[in-house]
Enquirer: 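Just dropping this structure here.
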Number of protein chains: 2
Amino acid sequence: MAQLTNCIAMMNEGIERVSQIIPQMPAVEARLCRLMLMVGSSLEEELEFKLKPHKLNHSDFLTLMILYSRPDGSSTPGELCEFATQGATNMTRITNALVKRGLITRGASAEDRRRVVIRITAAGKRFVQKMLPPMFPRVSAMFAGFSEADKRNLGRLLGKLAHNLDQLDPDTQP
Amino acid sequence: MAQLTNCIAMMNEGIERVSQIIPQMPAVEARLCRLMLMVGSSLEEELEFKLKPHKLNHSDFLTLMILYSRPDGSSTPGELCEFATQGATNMTRITNALVKRGLITRGASAEDRRRVVIRITAAGKRFVQKMLPPMFPRVSAMFAGFSEADKRNLGRLLGKLAHNLDQLDPDTQP
DNA sequence: ACATTTTACTTCATCAGTGAAATATGACTT
DNA sequence: AAGTCATATTTCACTGATGAAGTAAAATGT
């Protein structure tokens, strides 16, 4: 994979030059955007890499983890779509795949028969408990050299950014 | 689109529960990872949304911007692959599309005739200069409420994270 | 009570992106 | 000059994601 640091150095120069041609550009903010995008996709790559041996992709994993983290280990496709930010179509596919592997079950809801209840199985829980720990060292290593204040700060700033993105969303076409 | 803030709240509870079952999990770090991933993909979504009216996707845009930001407005497929973190296959496709729209040209290199020189055209530059400014308000809005120190800090922390990810990369399978 | 609308998924056709392998060409090494 | 390496493109098979339409059940209006 390409060195992130190189790309960043290159980007910094690029932004510098562009902001000389187009001075009204919010250069600092644009740079932060690109940084977020780069680090985000690098992180995604890293995650997919760790998931590959388990034959899972990001959405599969996320779906499974949401179920795992539920007190009762269950949810519905609609809810999973919302929290995993996936389309319904995709969630059907993910669910199919996980059911086939015996990690979750799909059942009809008693109250509302339109609804489908998805539940993690005992095998699913064991699977998560086995695959998760080997990831921990790399996760920790990502934050090497971060003080407690750094981590708090990063969390706070990302939260603020998330909030602003939510406000932005009422999609007024630019 | 789903509210990021909801997803974050849900994630916080989820991590809390998981870390009770699996106490050795680096909970703070894992939470920051997920935050980064969520904000990153939301940002990506926002970007793609802004690009759609121009019939560009993220890779197309990035490729074009790299060329635009070059003093001489030119590069090679290999270099573009590196900085846009794209595979060669994809870069060929991107280049084809941009050439067809007259935004860039593909020519043979004088010194090394294996090489292909990709250059942004005058039309390409005009295109960038026209499409970029309407994005600025949204970019600025993303960082509403950020002090100068906040922006500096975010930049610093993302840079540090990027550095750690680079160190991590020597892919020792977990 | 019946018709309409809404909600919850699923199915199907399609598309963008990716990896692997094949091809072509040119440069470098000895 | 021959062999090896580097650069770029093309082809192909595949995965993952998406949009449009379809089905079924429940909620709502009249």
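Note on naming: letters A, B, ... go to the chains in the order of the sequence lines (proteins, then strands), and numbering restarts at 1 for each one. Just so we're clear, the structure is a prediction, and the values are computed from it rather than from any experiment. Atom set for the values below is all heavy atoms of this structure, side chains included, hydrogens, waters and symmetry mates excluded.
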Enquirer: When the distance from CZ of A/Arg114 to C1' of C/dT5 is rounded to whole Å, what number comes out?
Expert: 11 Å

Enquirer: B/Ile120 versus B/Arg70: any side-chain heavy-atom pair under 4.5 Å?
Expert: no

Enquirer: Between P on C/dG17 and NE2 on B/His58, what's the gap in Å once rounded to a whole number?
Expert: 11 Å

Enquirer: Under 4.0 Å between a side-chain N/O of A/Gln86 and OP1 or OP2 of D/dG16, yes or no?
Expert: no

Enquirer: Between C/dT18 atom C1' and A/Phe49 atom CZ, what is the distance in whole Å?
Expert: 17 Å

Enquirer: Out of D/dT7, D/dA17, C/dC9, which nucleotide sits closest to the side chain of A/Asn57?
Expert: D/dA17

Enquirer: Going by number, which of residues 89-108 of chain A have a non-hydrogen atom under 4.0 Å from DNA chain D?
Expert: A/Thr89, A/Asn90, A/Arg93

Enquirer: Side-chain contact, heavy-atom cut-off 4.5 Å: B/Thr85 with A/Met38?
Expert: no

Enquirer: Using atom CG of A/Asp60 as one end and atom C1' of D/dA17 as the other, report the distance to the nearest whole Å.
Expert: 12 Å

Enquirer: Distance check: side-chain N/O of A/Arg115 vs OP1/OP2 of C/dA8, anything under 4.0 Å?
Expert: yes

Enquirer: Side chains of A/Glu44 and A/His58: closer than 4.5 Å at any heavy-atom pair?
Expert: yes

Enquirer: Are OP1 or OP2 of D/dA24 and a side-chain N or O of A/Arg113 less than 4.0 angstrom apart?
Expert: no

Enquirer: Please report, rounded to the nearest Å, how far the P atom of D/dA6 is from the CD atom of B/Glu82.
Expert: 15 Å

Enquirer: Starting at atom CG of A/Leu56, determine the distance to atom C1' of D/dT15, rounded to an integer number of angstrom.
Expert: 14 Å

Enquirer: Considering only NZ, NE, NH1 and NH2 on the basic side and carboxylate oxygens on the acidic side, decide whether A/Arg17 and A/Glu13 come within less than 4.0 Å.
Expert: yes

Enquirer: Quick one, which residues of residues 72-81 of chain A touch DNA chain C with a heavy atom under 4.0 Å?
Expert: A/Thr76, A/Pro77, A/Gly78

Enquirer: Decide yes or no for B/Glu79 and B/Ile118: does some side-chain heavy atom of the first lie under 4.5 Å from some side-chain heavy atom of the second?
Expert: no

Enquirer: Any side-chain heavy atom of A/Arg152 within less than 4.5 Å of one from B/Val28?
Expert: no

Enquirer: Surrounding CZ of B/Arg106 (heavy atoms of other residues, nucleotides or ligands, distance under 6.0 Å), is the total greater than 12?
Expert: yes

Enquirer: Between A/Asn153 and A/Arg156, is there a side-chain donor-acceptor contact under 3.5 Å, judged purely by atom types and distance?
Expert: yes

Enquirer: Can you measure B/Glu48 atom CD to D/dA17 atom C1' for me and round it to whole angstrom units?
Expert: 12 Å

Enquirer: Between the side chain of B/Asp60 and the main-chain N/O of B/Asn57, is any donor-acceptor distance below 3.5 Å?
Expert: yes

